Amino acid sequence: MKNKSLLVILLLVILIKAYPQTISVIPQPSMVKIHAGEFILNKECTILFDETNEEIVRIAGFFDNYLKKSYGLRLKKNDKGRSVQFKLANLPDLGDEGYKLQVDKNGVTVSANTAAGIFYGFQTLKQLLPLNAEAGNLSVQALDIEDQPRFSWRGNLLDVARHFFPVSSIKNYIDVLASYKLNVLQLHLTDDQGWRIEIRKYPELTEISNWREETLMGHLRSSNEYDGRGYGGFYTQNQIHEIVKYAAERYITVVPEIEMPGHATAALTAFPNLGCTGGPYKVETKWGVFKDVFCAGNEETFEFLQNVIDEVLEIFPSKFIHIGGDEVPKDRWKECSKCQTRINKEGLNDEHELQSYFVTRIDKYLTSKNRRLVGWDEILDGGLAPGATVMSWRGIEGGIKASQLGHDVVMSPTTHLYFDYYQSENREIEPLGIGGFLPLEKVYAYEPIPEELTTEESKHILGAQANLWTEYIPSMKHAEYMLLPRLPALSEVVWTPAGKKDFTEFEKRLIIDYERMKKSGLNFRDHRK
Ligand code: ACM
Ligand code: ZN
């Protein structure tokens with residue numbers, strides 16, 4: 001009897017060893033072929049890479065650091081023996097971001113047309129490694145992967161205006177985005193409650209506009225209590241450089257958002273002459289949409305904004321510059337003689353067309369600097385500026401309309417991609433949030449291409465972006481909780497071929513991913529609770 005059990009165990013061990021393991025990669029790659037066998041990564045192995053290519057050297061360095069930090073393992077460099085190789089190649093079917101990853105008993109090869117592709121291959125390789133090393137030996141499943149993203153805009157917005165996060169936190173945040181192969185971080189840098197970027201021509205923006213007297217406690221709908229504590233913070237231009245460089249080394253473009261003509265109270269507090277009434281104004285201490293916006297009839301407004309943009313363009317290489325454009329009450333413009341004079345002089349029909357005039361002027365300015373304007377879908381009201389790209393947030397209608405007009409679009413509807421919404425219907429068990437309900441399954445099910453579009457029109461859908469507004473998110477730990485695990489779900493929306501998505505199967509991989517999150521010290525919400 002005892003011998004029989006031993007035999008069964010032995011057989012099981014042999015079977016487990018011989019039978020290909022499943023792998024657990026998020027986002028799910030386009031093509032995976034699992035083979036029998038494994039590669040053993042240990043200190044006898046070497047990393048092979050081209051030492052003359054700065055980017056490949058950096059990625060090989062990331063891998064080296066990762067092995068050291070996670071497993072205490074050091075590999076040899078460009079030496080003999082079994083190897084992990086990172087190499088540029090000519091792979092006509094794999095585009096600018098795709099990669100090929102091959103594992104057999106002799107080694108791992110990551111190849112791609114570009115360093116970005118190599119970087120994504122490295123992200124996949126990390127997820128193929130076991131969570132724990134057995135005596136310094138890491139078993140990697142033998143396989144072939146060919147993979148590339150479905151969309152070119154795989155974005156996440158972080159609002160650093162309502163609450164401010166230091167550079168070190170932004171770097172950790174970028175690491176999380178990179179691990180799921182996202183490639184855009186939109187930083188929402190200015191709003192009614194704070195201005196968060198140094199503009200050298202206007203030091204008042206970081207002496208006055210960056211500081212609010214106090215902050216609302218509790219929810220806007222139910223509270224009238226304030227904390228009585230001043231709150232502020234901003235990034236110097238040197239810090240922005242540091243963030244942009246850190247992101248670029250991880251193939252993430254930082255898209256700056258400078259809000260206009262609305263969400264401008266903080267700027268107006270330092271420059272009351274740029275508002276219709278002349279002020280005085282006060283950096284807002286509660287959340288919401290406010291009536292005081294930049295005056296569209298005053299030439300000084302455009303002079304100011306163009307000077308701000310000039311400095312923004314110097315520190316952000318991003319082709320796309322986000323100018324906000326959302327939630328602009330027209331009350332002040334209706335009452336303002338300068339705005340009304342502008343409407344008459346320009347032959348505009350109403351204040352919506354005045355908003356269009358405003359955005360079009362900024363669009364022309366950005367185009368003249370070889371950049372592209374992107375704005376929230378309200379920029380469609382009153383006529384879309386010729387070069388504008390639309391970020392569709394109040395649903396998908398704005399995105400449909402813009403792509404039918406031949407404009408590029410990023411999909412970011414509140415219904416599926418607002419990560420500040422609650423993750424559970426039972427709000428009692430969740431930290432205070434803005435409202436809404438956006439469970440993991442709903443994010444995962446999101447399809448960025450609306451059915452209404454023709455094949456030609458759908459080419460204008462650059463991708464999708466999830467937004468993390470931080471009115472109710474004062475700390476990075478809380479931000480992580482809102483992001484994880486909805487970000488991994490988003491990564492399959494924007495990376496994985498639609499036909500390969502499968503929620504039940506994703507969940508199995510996610511449960512393994514939770515172990516990686518734990519190991520990285522990330523604060524996530526287990527969706528099973
Ligand atoms: C937005 O959520 N106001 C773009
Ligand atoms: Zn005005």
Side-chain angles (χ1 to χ4, degrees), residues 23 25-33 39 41 45-71 73-79 81-104 106-129 138 140-154 171 174-185 244-254 317 491 494-496 516:
I23 59 159
V25 176
I26 296 177
Q28 176 67 35
S30 335
M31 195 285 294
V32 180
K33 270 196 207 130
F39 168 69
L41 183 65
C45 299
T46 180
I47 312 182
L48 298 180
F49 59 99
D50 176 357
E51 289 181 23
T52 66
N53 184 314
E54 191 189 319
E55 287 182 84
I56 306 299
V57 169
R58 188 182 303 119
I59 297 166
F62 287 157
F63 182 57
D64 191 41
N65 278 338
Y66 182 76
L67 291 180
K68 192 165 55 167
K69 200 173 119 230
S70 308
Y71 304 99
L73 181 62
R74 291 305 298 263
L75 303 192
K76 300 178 288 180
K77 313 274 153 55
N78 283 325
D79 206 332
R82 291 177 303 110
S83 62
V84 175
Q85 181 172 19
F86 296 106
K87 70 166 197 210
L88 291 176
N90 184 16
L91 304 165
D93 296 332
L94 288 179
D96 284 346
E97 295 184 291
Y99 67 91
K100 217 161 139 170
L101 197 158
Q102 294 158 297
V103 183
D104 62 28
N106 298 315
V108 177
T109 307
V110 178
S111 46
N113 293 313
T114 63
I118 301 281
F119 183 77
Y120 294 131
F122 156 58
Q123 296 309 322
T124 297
L125 177 57
K126 282 197 294 188
Q127 297 187 19
L128 295 175
L129 301 178
L138 303 179
V140 189
Q141 176 63 47
L143 50 68
D144 278 298
I145 292 179
E146 274 188 33
D147 195 15
Q148 60 184 320
R150 182 173 171 209
F151 290 105
S152 64
W153 189 300
R154 304 184 297 279
K171 286 183 178 173
I174 287 169
D175 286 339
V176 175
L177 299 188
S179 70
Y180 296 108
K181 304 186 177 82
L182 267 74
N183 67 347
V184 174
L185 169 61
V244 166
K245 180 169 180 283
Y246 189 88
E249 288 174 356
R250 287 148 185 85
Y251 300 91
I252 289 177
T253 300
V254 183
S491 79
V494 287
W495 181 283
T496 304
R516 295 188 197 112

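Predicted, not measured: the structure shown is a model, and the values here were computed from it. Atoms considered below: every heavy atom in the structure, side chains included; atoms not considered: hydrogens, waters and symmetry mates. Along the sequence shown, the residues carry numbers beginning at 1.
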Side chain to side chain contact (heavy atoms under 4.5 Å, CB included) between Val494 and Lys181: does it pass, once the steps are laid out? CA-CA 9 Å; Val494 287; Lys181 304 186 177 82; over 6 Å; no
Should Phe39 and Val108 be marked as a side chain to side chain contact (heavy atoms under 4.5 Å, CB included) after you check the CA-CA gap, both sets of side-chain angles, and the distance that decides it? CA-CA 8 Å; Phe39 168 69; Val108 177; 3.6 Å; yes
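- Looking at every heavy atom in both residues, Gln148 comes nearest to Ser30 through N-OG, 3.3 Å.
- For the residue pair Val32 and Gln28, the shortest heavy atom distance occurs at CG2-NE2, 4.0 Å.
- Counting heavy atoms from C-beta on, the side chains of Ser491 and Leu182 come closer than 4.5 Å.
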Should Leu75 and Leu41 be marked as a side chain to side chain contact (heavy atoms under 4.5 Å, CB included) after you check the CA-CA gap, both sets of side-chain angles, and the distance that decides it? CA-CA 9 Å; Leu75 303 192; Leu41 183 65; 3.8 Å; yes
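- For the atom pair Ile26 CD1 and Gln123 CD, the distance stands at 13.0 Å (nearest 0.5 Å).
- Side-chain contact between Thr253 and Leu185 is absent, with no heavy-atom pair separated by less than 4.5 Å.
- Considering all non-hydrogen atoms of both residues, Val25 and Gln127 come closest at CA-OE1, 3.1 Å.
- Between Ile56 and Phe86, the shortest heavy-atom distance links the atoms CG2-O, 4.0 Å.
- At least one cation-pi condition fails for Lys68 and Tyr71: the charged atom is not both under 6.0 angstrom from the six-membered ring centre and inside a 45 degree cone around its axis.
- Between Ile59 and Ala115 the shortest heavy-atom distance is CD1-O, 3.4 Å.
- Between Tyr99 and Ile118 there is no side-chain heavy-atom pair separated by less than 4.5 Å.
- Exactly one residue among Asp144, Leu143, Asp147 makes a side-chain contact (heavy atoms from CB on, under 4.5 Å) with Leu101. That residue is Leu143.
- Ionic pairing of Asp64 and Arg74 is present here: one or more N-O contacts between side-chain nitrogen and carboxylate oxygen are shorter than 4.0 angstrom.
- Here CG of Asp50 is found 3.5 Å from OG1 of Thr52. Values are rounded to the nearest 0.5 Å.
- Checked options Thr46, Leu67, Leu125, Thr109; the residue passing with Val84 is Leu125 (criterion: side-chain contact (heavy atoms from CB on, under 4.5 Å)).
- The distance from the OG atom of Ser111 to the CD atom of Gln102 is 5.5 Å, given to the nearest 0.5 Å.
- A centroid separation of less than 6.0 Å is found between the aromatic rings of Trp495 and Tyr120.
- Among the candidates Val110, Val103, Ile23, the single residue satisfying the side-chain contact (heavy atoms from CB on, under 4.5 Å) test with Ile145 is Ile23.
- Annotation: the span from Leu138 atom CG to Ser70 atom OG amounts to 9.5 Å, rounded to 0.5 Å.
- For Tyr251 and Thr114, the side-chain atoms include no donor-acceptor pair closer than 3.5 Å.
- Within 6.0 Å of the NZ atom in Lys171, the count of heavy atoms belonging to other residues, nucleotides or ligands exceeds 12.
- For the pair Lys87 and Phe49, the NZ or CZ position fails the cation-pi test of under 6.0 Å to the six-membered ring centre and within 45 degrees of the ring normal.
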Kindly determine whether Asn113 and Leu88 satisfy side chain to side chain contact (heavy atoms under 4.5 Å, CB included), including the steps that lead there. CA-CA 6 Å; Asn113 293 313; Leu88 291 176; over 6 Å; no
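- Within 6.0 Å of the NZ atom in Lys33, the count of heavy atoms belonging to other residues, nucleotides or ligands does not exceed 12.
- The two atoms that bring Gly98 and Pro149 nearest to each other are N-CD, 4.3 Å, heavy atoms only.
- Scored by the side chain to side chain contact (heavy atoms under 4.5 Å, CB included) test, Ala178 finds Phe119, Arg250, Ile252 as partners (sequence neighbours excluded).
- A salt bridge links Arg154 with Glu97: the distance from a Lys NZ or Arg NE/NH1/NH2 to an Asp or Glu carboxylate oxygen falls below 4.0 Å.
- Looking at Lys100 and Leu94, their side chains come closer than 4.5 Å, going by heavy atoms from C-beta outward.
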